[in-house]
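All values below come from the heavy atoms of this structure, side chains included, with hydrogens, waters and symmetry mates left out.
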Amino acid sequence: MPGSVARVTEISAKSDSSFDDAVKVALDRANSTLRGITSAYVKDQVVEVQNGAIAAYRVHLLVTFILE
């Protein structure tokens with residue numbers, strides 16, 4: 001019976017410039033370690049605030065990849 005099994009793992013990443021860049025940072029790093037990534041779901045977005053201004057953008061992702 002053909003089929004596949006996937007695993008979902010949660011990762012987080014930070015960027016000084018934007019949420020989009022934080023997602024890119026997370027996926028670039030995940031791609032260096034995991035094979036077969038098929039999707040990523042942005043679970044949460046948070047800004048870090050210092051002195052009343054945004055200091056950093058943080059994302060929490062659920063990354064899905066196919067097990068070999």
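Residues K14 and A22 share a closest heavy-atom pair of C-CB, 4.3 Å. Annotation for A55 and D16: closest pair O-OD1, 3.8 Å, computed over non-hydrogen atoms.
Considering I37, T38, V8 as possible partners of V63, the one that fulfils the side chain to side chain contact (heavy atoms under 4.5 Å, CB included) test is I37.
R7 contributes atom CZ, which lies 11.0 Å from atom OG1 of T64 (distance to the nearest 0.5 angstrom). We find the CZ-CD1 distance between R35 and I66 to be 13.0 Å, quoted to the nearest 0.5 Å. The distance from the OG atom of S15 to the OH atom of Y57 is 8.5 Å, given to the nearest 0.5 Å.
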Practice problem: Go through the steps to decide whether D20 and K24 satisfy the test salt bridge (charged side-chain N to carboxylate O under 4.0 Å, His left out), and finish with yes or no. | Solution: CA-CA 6 Å; D20 287 342; K24 183 180 181 324; over 6 Å; no
Exercise. Tell me, with the steps shown, if L61 and T9 meet side-chain contact (heavy atoms from CB on, under 4.5 Å).
Key: CA-CA 8 Å; L61 300 176; T9 189; over 6 Å; no
Exercise. Apply side-chain contact (heavy atoms from CB on, under 4.5 Å) to V23 and D21, showing your working.
Key: CA-CA 5 Å; V23 170; D21 189 53; over 6 Å; no
Practice problem: Give the C-alpha distance, both sets of side-chain angles, the deciding distance and a yes or no for side-chain contact (heavy atoms from CB on, under 4.5 Å) between Q45 and R58. | Solution: CA-CA 6 Å; Q45 297 179 339; R58 183 174 300 275; over 6 Å; no
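Linking ILVMFWY side-chain heavy atoms closer than 4.5 Å, directly or via other members, places V42 and L62 in two distinct hydrophobic clusters. No continuous path of ILVMFWY side-chain contacts below 4.5 Å connects I11 to V46, so the two sit in separate hydrophobic clusters.
Residue pairs meeting the ring pair (Phe, Tyr, Trp, His ring centres under 6.0 Å) criterion with at least one partner in residues 30-54, sequence neighbours excluded, are absent.
Counting only distance, with no hydrogens or angles, the side chain of S32 and the backbone of R29 share a donor-acceptor pair below 3.5 Å. Between the side chain of N31 and the backbone N or O of L27, at least one donor-acceptor pair lies under 3.5 Å.
The shortest distance between side-chain heavy atoms of K43 and E10 falls below 4.5 Å.
Taking F65 as the reference, nothing meets the ring pair (Phe, Tyr, Trp, His ring centres under 6.0 Å) condition, with sequence neighbours excluded.
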